[in-house]
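Data block below; observations after.
Proteins get letters first, then strands, A, B, ... in listed order; numbering begins at 1 in each. Keep in mind that what you see is a predicted model, and the values were worked out from it rather than measured.
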Number of protein chains: 2
Amino acid sequence: MPAASGTPRPPARSGERGIPEAAVARLPLYLRALGGLAEAGETTVSSEELAAASGVNSAKVRKDLSYLGSYGTRGVGYDVQQLVHLIARELGLTQDWPVLIVGIGNLGHALAGYGGFASRGFRVAGLVDADPARVGEEVGGVAVSHLDQLESIVRAEQVSIGVIATPAAAAQSVCDRLVAAGVTSVLNFAPCVLAVPPQVGVRKVDLSIELQILAFHEQRRNVAVAGVAT
Amino acid sequence: MPAASGTPRPPARSGERGIPEAAVARLPLYLRALGGLAEAGETTVSSEELAAASGVNSAKVRKDLSYLGSYGTRGVGYDVQQLVHLIARELGLTQDWPVLIVGIGNLGHALAGYGGFASRGFRVAGLVDADPARVGEEVGGVAVSHLDQLESIVRAEQVSIGVIATPAAAAQSVCDRLVAAGVTSVLNFAPCVLAVPPQVGVRKVDLSIELQILAFHEQRRNVAVAGVAT
DNA sequence: AAGGCCTTGTGAACGAACGCACAAAGTCGA
DNA sequence: TCGACTTTGTGCGTTCGTTCACAAGGCCTT
Ligand SMILES: NC(=O)c1ccc[n+]([C@@H]2O[C@H](COP(=O)([O-])OP(=O)(O)OC[C@H]3O[C@@H](n4cnc5c(N)ncnc54)[C@H](O)[C@@H]3O)[C@@H](O)[C@H]2O)c1
Ligand SMILES: NC(=O)c1ccc[n+]([C@@H]2O[C@H](COP(=O)([O-])OP(=O)(O)OC[C@H]3O[C@@H](n4cnc5c(N)ncnc54)[C@H](O)[C@@H]3O)[C@@H](O)[C@H]2O)c1
């Protein structure tokens with residue numbers, strides 16, 4: 001019962017080279033906004049402009065960018081191209097990331113054909129499904145392989161990121177196979193929790209959760225109004 | 001750092017009827033886990049078990065549930081059915097939420113056919129697309145209407161939640177129309193920021209961002225390894 | 001009836017993130 | 001060259017969220 005937590009906790013990763021998780025999550029936002037600005041012909045951008053374009057506030061923008069170093073010019077702003085490059089490098093987008101998508105149903109089809117993948121250096125290296133009827137079908141220029149091929153594709157294509165779009169019941173076993181084959185990052189669309197070894201990264205996207213959060217606030221507003229009226 | 005605040009500390013959320021945002025975001029997780037437990041025949045659940053089933057830690061579970069009131073039994077745990085009901089009510093899931101999906105392309109198709117909608121009280125009240133070729137097609141039991149019908153569907157079906165799955169370029173104008181027609185919550189899949197009046201709720205899902213965050217950590221691991229070697 | 005055992009509910013410490021506000025540092029026009 | 005103006009970079013107080021740790025409370029066995 002005594003949690004043996006007597007060890008004086010050291011500042012975790014103080015000396016470490018680390019930018020806050022919350023800032024990392026915003027970098028892709030800036031990158032997207034910068035793409036738009038570059039297309040519009042802007043060569044420099046102030047934190048205020050970038051804030052407006054990415055839906056963040058400007059103090060946060062400046063602090064986030066400061067984690068990458070001091071590349072702004074006071075009185076002027078940041079160089080758009082340079083920022084794009086800095087952020088892309090920080091996020092690891094200057095290299096090619098082969099991705100394997102497992103479960104080519106409705107969602108898998110949409111993902112496989114999604115252009116937002118490729119534009120950031122994510123290459124669909126393979127599509128696999130358990131249903132023999134789907135094997136051979138071509139989606140977004142890539143043919144669907146059978147689930148049996150999972151391991152060989154991961155190895156042949158050096159896949160490090162796997163995307164799971166199977167029913168929830170199959171997700172854990174698929175995940176286990178991905179990890180065993182060498183995948184170290186997983187994006188999970190199935191509505192379930194995945195158990196993975198600690199060194200493997202997992203992120204989940206659950207559309208239903210987003211809707212429920214919206215419903216909560218929606219209800220809150222309605223109740224508030226009704227409450228006043230009642 | 002002792003709270004030398006002679007000031008009467010405003011208990012923040014004691015008087016107010018407010019659950020922290022972070023807790024709200026986890027309630028759907030618990031709900032999902034409870035569904036599984038109920039199916040497995042469990043009638044009561046401890047915070048420890050629920051934590052394991054929902055991928056959260058148990059202290060957080062207890063604190064989150066405490067915002068709903070004191071419904072647990074010490075030494076035993078929580079009643080599964082009662083919890084399901086409490087959470088569903090808190091999230092507003094005891095009522096029917098008509099949802100309109102705009103943009104029935106690849107992603108829109110997947111969303112329209114997704115079962116995870118209906119199981120939580122979200123009813124697809126309409127599907128609209130700008131492409132005349134798509135109008136009339138039936139997806140998941142609902143026929144696709146033309147974009148022109150947007151306003152009339154929102155009013156006729158009392159839609160308060162809109163889902164945007166159009167290309168980014170069209171998203172803002174679609175959003176404006178939804179809001180003008182009376183929608184007060186928007187779930188946006190297009191990779192762009194949406195401007196809305198302050199009383200309208202917006203959430204965004206950007207798959208590409210999730211991948212970029214994965215890539216960041218993936219790279220970090222690789223660099224760490226390579227760094228030692230270099 | 002009493003004591004042991006388990007689990008909740010929560011006060012309090014800790015830590016992460018936010019946003020303000022401003023000095024520092026640069027640009028640009030005169 | 002200089003001074004007005006603009007915008008960065010960041011120190012700091014505040015707020016939000018997480019985690020610890022334990023008293024309070026209730027069940028069950030004896
Ligand atoms: N459709 C959506 O909008 C949506 C949204 C959020 C989450 N999800 C989730 O994403 C997942 C997929 O949804 P969907 O609508 O595409 O379902 P789907 O039934 O259309 O597709 C599932 C696919 O996975 C394949 N599959 C089943 N078991 C497999 C296995 N062991 N290995 C490989 N492939 C396997 C099936 O053959 C099928 O092609 C589900 O878990 C769903 O809950 C879907
Ligand atoms: N496919 C994915 O996996 C994925 C993932 C994340 C985000 N997204 C985003 O979701 C959106 C849709 O993606 P998609 O793959 O389904 O694209 P898509 O091109 O297949 O579908 C877009 C649909 O929107 C319709 N549309 C265009 N303008 C419209 C308007 N003004 N009003 C109503 N409908 C209109 C088109 O007719 C088309 O049917 C895009 O913004 C995309 O970036 C897609």
Next on the checklist: Just the rounded figure in Å: distance from C1' of dT8(C) to CG of L68(B).
Outcome noted: 14 Å
Item to check | Protein-to-nucleotide contact annotation, 5' to 3' order, nucleotides 23-30 of chain D [B base; S sugar-phosphate only; - none; under 4.0 Å, heavy atom] | outcome: -BB-S---
Item to check | Value in whole Å for how far the P atom of dA25(C) lies from OH of Y78(A) | outcome: 15 Å
Next on the checklist: Checking S185(A) against R221(B): is there a side-chain donor and acceptor pair closer than 3.5 Å?
Outcome noted: yes
Item to check | Integer-rounded Å distance: dT8(C) P and Y67(B) OH | outcome: 16 Å
Checklist entry - Would you say a side-chain N or O of S46(A) is under 4.0 Å from OP1 or OP2 of dT7(D)? => result no
Next on the checklist: If I take atom CD in residue E48(B) and atom C1' in nucleotide dT19(D), what distance separates them, rounded to the nearest angstrom?
Outcome noted: 13 Å
Protein-nucleotides 19-22 of chain C N/O pairs closer than 3.5 Å?
{"residue": "dG19(C)", "atom": "OP2", "partner": "N57(A)", "partner atom": "ND2", "Å": "2.7"}
{"residue": "dG19(C)", "atom": "OP2", "partner": "K60(A)", "partner atom": "NZ", "Å": "3.1"}
{"residue": "dG19(C)", "atom": "O5'", "partner": "N57(A)", "partner atom": "ND2", "Å": "3.4"}
{"residue": "dG19(C)", "atom": "O6", "partner": "K63(A)", "partner atom": "NZ", "Å": "2.6"}
{"residue": "dA21(C)", "atom": "N6", "partner": "R62(A)", "partner atom": "NH2", "Å": "3.3"}

Item to check | Heavy-atom closest contact (E49(A) atom, T44(A) atom, distance) | outcome: OE1-O, 4.2 Å
Item to check | Phosphate-side-chain proximity, S47(B) and dT7(C), N/O vs OP1/OP2 below 4.0 Å | outcome: no
Checklist entry - Can you tell me how far P of dT10(C) sits from CG of L65(B), to the nearest Å? => result 12 Å
Checklist entry - Should the heavy atoms of other residues, nucleotides or ligands under 6.0 Å from CD of Q158(A) be counted, would the total exceed 12? => result no
Item to check | From CA spacing to verdict: side-chain hydrogen bond (donor to acceptor under 3.5 Å, both in side chains), S208(B), R32(A) | outcome: CA-CA 10 Å; S208(B) 153; R32(A) 196 174 73 190; over 6 Å; no
Item to check | Length of the CZ-P vector between R26(A) and dA16(C), whole Å | outcome: 15 Å
Next on the checklist: Could you tell me if E218(B) and T184(A) have a donor-acceptor pair between their side chains, going purely by distance under 3.5 Å?
Outcome noted: yes
Checklist entry - Heavy-atom count around E39(A) CD within 6.0 Å, excluding the residue itself: above 12? => result no
Item to check | Flag, side chain of E90(A) to backbone of L86(A), donor-acceptor distance under 3.5 Å | outcome: no
Item to check | Between E21(B) and H217(A): side-chain donor-acceptor atoms closer than 3.5 Å | outcome: yes
Next on the checklist: For residues 171-182 of chain B, which residue pairs pass the salt bridge (Lys or Arg N to Asp or Glu O under 4.0 Å) check, not counting sequence neighbours?
Outcome noted: E151(B)-R177(B)
Next on the checklist: In this structure, how many angstroms lie between the P atom of dA17(C) and the CD atom of E21(B), rounded?
Outcome noted: 17 Å
Checklist outcome for this item: To the nearest angstrom, the OH-P distance between Y71(A) and dG26(C) comes to 16 Å
